[in-house]
Amino acid sequence: TFQGSEDGIFLRTRSDGNLFNLARLKAKTKVRRVLIREMLFADDAALAAHTEDALQRLTTRLAEACTKFGLTISLKKTNIMGQDVSTAPAISIGDHTLEVVENFTYLGSTISCNLSLDTEISTRIGKASTAMARLTKRVWDNTMLTLNTKMKVYQACVLSTLLYGSESWTLYTWQERKLNAFHMRCLRRLLGLKWQDRVTYADMLSQSGVPSMFSILAQKRLRWLGHVSRMDDGRIPKDILYGELATGSRPTGRPVLRYKDVCKRDMKACDLNPASLEQLTSDRSLWRTTIKAGVAKAEEIRENIWEEKKARRKQNSRVAPDDTTIPSYSLTCKKCHRSCRSRIGLYSHSRHCNKT
């Protein structure tokens, strides 16, 4: 179909060195030039190109090949998406101009034109909330089921829906906090706790026996990283992971977070040396054991940080320069002068007091 065509996306890749060492791709030898233009998924196909003209030529060639073999392209299901472009491309098949979309969903995953995971995360949380609500009567409110059984159902039905495809996500810290907040709301619901009970995140995780969302995401990413690094050379996932674009330049400003940057952050949090990635991942069993121990260590450090923050919040006084103790702030309602024990308690009371 594409014989003799140079349209597509060229990569410079080299998988015999350190993944996080960008200097290895500047070598004049040992660097392979890979062309990626078509990606097949069962009975579907995705075409990729740098320019609008190149994408039009690839689409025309695909349509001509399908006509020769008696295949029909569904024009309603074929969409065009331009990622990080100022003008949307206009691609046509015959006399029909294909629809340009901002979000595209395939096999449950949502791809956005702005290279952001906000839409995907919101969709995942919505589907997980639906799964959580449907199991309320049969599982969560069922007194005949033990807590261990409920947690197994939660992991199988809710967490699997929430984290579908998360091993390849490039998440910022605030996005991980958003997922962790939903995770904690679900655990609070299963444990029958309210925010008035003043139970900390660490205590809830200890009672449920489930790790935090930060640990779950890190473990999934590092396992997938090891799986891709063990792939044979020439596989598209490995070529993309170990490569970079052969042409092009990034705009001025802070660069967008990459997948390898997130994996490097996870390895440092788990006290793993990023330079020894290939050596560690060569043995699958050893890599999984190392990840499990490292994630547990990172979780312990994170819980200690939470405890330190909690202790600082409980300090209702501060020391002045002359070593005299004075109150740091007053948790008193301005309307009725009622004293509260916490800021969230003062906020809740103020909302009720201002209505009366």
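Here the structure is a predicted model, which is why all the values come from computation and not from measurement.
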Charged N to carboxylate O under 4.0 angstrom, [X] versus [Y]?
X    : Y    : value
R32  : D239 : yes
R61  : E64  : no
D261 : R258 : yes
E244 : R12  : yes
D16  : R14  : yes
D233 : K238 : yes
E176 : K220 : no

Handout entry: Heavy atoms from other residues, nucleotides or ligands near OH of Y347 exceed 12 (cutoff 6.0 Å)
Key =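 Counting other residues, nucleotides and ligands, OH of Y347 stays at 12 neighbours or fewer.
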Problem - Neighbour count above 12 (heavy atom, 6.0 Å) for K150 NZ - result: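 Count over threshold, so yes.
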Handout entry: hydrophobic_cluster_shared for I240 and W224, side chain cutoff 4.5 Å
Key = no
Exercise for the section: Is it possible for you to say whether V85 and L55 belong to one hydrophobic cluster, with membership spreading through side-chain heavy-atom contacts below 4.5 Å? Expected result: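 No, no single cluster joins them.
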Handout entry: Any donor-acceptor N or O pair under 3.5 Å, side chains S122, T119
Key =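 No pair is found: no donor N or O on one side chain lies under 3.5 Å from an acceptor on the other.
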Exercise for the section: Output all residues satisfying side-chain hydrogen bond (donor to acceptor under 3.5 Å, both in side chains) with T281, sequence neighbours left out; order by chain, then residue number. Expected result: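 T281 satisfies side-chain hydrogen bond (donor to acceptor under 3.5 Å, both in side chains) with S229 once adjacent residues are dropped.
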Practice task
Establish, yes or no, whether the cationic atom of R124 lies under 6.0 Å from the six-membered ring centre of Y164 and within 45° of the ring axis.
Solution key: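 No cation-pi geometry.
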Exercise for the section: Indicate yes or no for a side-chain donor-acceptor contact from R37 to the backbone of S5 under 3.5 Å, with no hydrogens or angles considered. Expected result: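 Yes; at least one donor-acceptor contact below 3.5 Å.
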